Amino acid sequence: MKSLKVQTGKLKGKSIETPPAVAGNTNFTPAIVKKSLFDVVGSLVLKGRLIPEESVFVDFFAGSGQMALEAVSRGFARVVLYELAWERSDSLRKLFDKIGATYEVFRKDVFRFYDKLNVPENSRVYFMDPPYSFWEKKNDKFRLLAEDLLSKENTTAVFVQSPIHPGWDGFEIRKFGKNFLSFKIRETFAPEAERQKKENAEGGEDEGSLKLSGTETVRSDED
């Protein structure tokens with residue numbers, strides 16, 4: 001059985017096994033896709049848009065748990081995983097117990113329970129990697145879920161892995177072989193811009209002079 005390795009951080013090099021197949025599905029996130037996602041996360045940290053130690057990483061359709069494990073390694077305060085398969089969800093609990101992470105594992109339907117999650121952290125990052133067989137009929141359902149997550153004030157970013165180009169407006173989409181990584185950063189004021197806005201308001205200055213920083217432009221063009 002192939003093992004998956006943590007790429008960087010305090011758990012760098014740690015290996016976990018790929019999860020058992022469920023209904024013939026064995027897909028997992030390739031290393032290059034994982035690197036691309038966390039490179040984006042790293043850029044948000046450098047820009048002051050995300051503080052991992054004050055954030056939660058939410059992994060829908062968690063499978064092996066490697067994405068949440070990478071988030072733990074990179075300093076996220078907590079990880080939350082949703083996984084319906086009994087054997088996989090039990091394995092996830094054992095894995096995160098062993099490393100001593102702050103975590104929750106839910107054996108629940110993502111679509112029915114995603115908005116029941118209690119999130120005390122200042123910000124959250126979501127990752128979705130649904131079974132590839134779902135995409136033929138549920139593309140719109142995934143899009144609506146992603147857009148609802150992005151409508152929440154404390155959502156920083158939503159990432160989605162898929163075997164097809166989803167064609168979602170406003171999302172940046174990168175192709176890696178047969179895999180696509182789609183993501184969108186929720187546009188918001190950077191901390192410095194918020195401070196400057198407050199000072200302008202108190203000093204009676206024209207808010208029109210305020211320059212925003214740290215906002216990324218997203219695109220949705222096929223490679």
Side-chain angles (χ1 to χ4, degrees), residues 36-62 67-68 70-72 74-82 101-106 108-130 139-162 166 168-173 181-203 205-220:
S36 181
L37 185 157
F38 282 102
D39 281 349
V40 175
V41 169
S43 72
L44 292 173
V45 173
L46 289 173
K47 293 174 182 177
R49 296 285 302 278
L50 179 71
I51 302 173
E53 294 79 10
E54 299 177 0
S55 306
V56 61
F57 186 92
V58 185
D59 190 356
F60 291 151
F61 312 96
M67 301 302 284
E70 191 77 34
V72 169
R74 292 169 185 255
F76 274 75
R78 183 168 65 110
V79 293
V80 177
L81 306 92
Y82 285 71
T102 302
Y103 77 97
E104 290 181 272
V105 174
F106 294 106
K108 295 180 180 292
D109 185 312
V110 168
F111 296 106
R112 293 176 58 196
F113 294 98
Y114 76 92
D115 58 348
K116 307 296 191 297
L117 180 63
N118 179 34
V119 182
E121 290 83 5
N122 290 336
S123 59
R124 44 183 140 172
V125 173
Y126 290 93
F127 174 66
M128 289 193 288
D129 181 15
N139 188 319
D140 286 342
K141 197 169 185 178
F142 294 140
R143 177 181 56 80
L144 291 172
L145 172 57
E147 290 177 351
D148 189 52
L149 296 173
L150 286 161
S151 72
K152 311 303 182 185
E153 185 176 354
N154 61 348
T155 294
T156 300
V158 173
F159 296 85
V160 184
Q161 181 182 322
S162 63
W168 298 351
D169 290 339
F171 280 74
E172 180 167 342
I173 300 175
L181 177 65
S182 306
F183 65 92
K184 186 172 183 179
I185 311 303
R186 187 177 187 275
E187 294 190 5
T188 185
F189 288 113
E192 176 62 21
E194 289 280 19
R195 183 191 63 75
Q196 186 177 348
K197 180 182 178 182
K198 183 177 179 180
E199 290 180 355
N200 288 347
E202 291 175 350
E205 296 179 18
D206 181 6
E207 289 190 12
S209 65
L210 175 64
K211 293 184 180 180
L212 301 184
S213 62
T215 300
E216 295 189 0
T217 302
V218 294
R219 58 182 173 80
S220 178

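Keep in mind the model is a prediction, meaning the values are calculated, not measured.
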Applying ring pair (Phe, Tyr, Trp, His ring centres under 6.0 Å) between Tyr82 and each of Tyr126, Phe127, Phe106, Phe113, report the one that passes.
Phe106
Within the 4.5 Å heavy-atom criterion, are Val160 and Leu181 side-chain neighbours or not?
no
Side chain to side chain contact (heavy atoms under 4.5 Å, CB included) between Val41 and Phe76, intermediate numbers included
CA-CA 11 Å; Val41 169; Phe76 274 75; 4.1 Å; yes
Please report the shortest heavy-atom distance between Ala68 and Val79, naming the atom on each side.
O-CG1, 3.5 Å
Report yes if some heavy atom in the side chain of Val45 is under 4.5 Å from a heavy atom in the side chain of Phe38; otherwise report no.
no
Is the positively charged end of Lys141 above the ring of Phe111, judged by distance under 6.0 angstrom from the centroid and angle within 45° of the axis?
yes
Find out whether Asp109 and Tyr114 are in side-chain contact, i.e. whether some heavy atom of one side chain is under 4.5 Å from a heavy atom of the other.
no
Distance in Å, Ile185 CD1 paired with Thr155 OG1, rounded so as to fall on 0.5 Å steps:
11.5 Å
Out of curiosity, Asp148 CG to Arg143 CZ, how far, rounded to the nearest 0.5 Å?
12.0 Å
Distance in Å, Ser182 OG paired with Phe159 CZ, rounded so as to fall on 0.5 Å steps:
11.0 Å
Check residues 51-61 and write down every donor-acceptor pair under 3.5 Å in which the side-chain atom is one partner and the other belongs to a residue at least two apart or another chain.
| from | atom 1 | to | atom 2 | distance (Å) |
| --- | --- | --- | --- | --- |
| Glu54 | OE1 | Asn122 | ND2 | 2.9 |
| Ser55 | OG | Ile51 | O | 2.7 |
| Ser55 | OG | Ser123 | OG | 2.6 |

Side chain to side chain contact (heavy atoms under 4.5 Å, CB included) with Lys184: which of Leu150, Ile173, Leu149, Asp169?
Leu150
Interatomic distance, CG@Asp129 vs CE@Met67, rounded to 0.5 Å, equals 8.0 Å
Rounded to the nearest 0.5 angstrom, the CZ-CD distance for Phe183 and Glu172 is 3.5 Å
Enter the distance from Glu104:CD to Leu81:CG here, rounded to the nearest 0.5 Å.
10.0 Å
Do the non-hydrogen side-chain atoms of Glu121 and Arg78 ever get within less than 4.5 Å of each other?
yes
Quick one, Asn154 and Arg124 - any side-chain contact, counting heavy atoms below 4.5 Å?
yes
Do side-chain atoms of Arg186 reach the backbone of Lys152 as a donor and acceptor pair under 3.5 angstrom?
yes
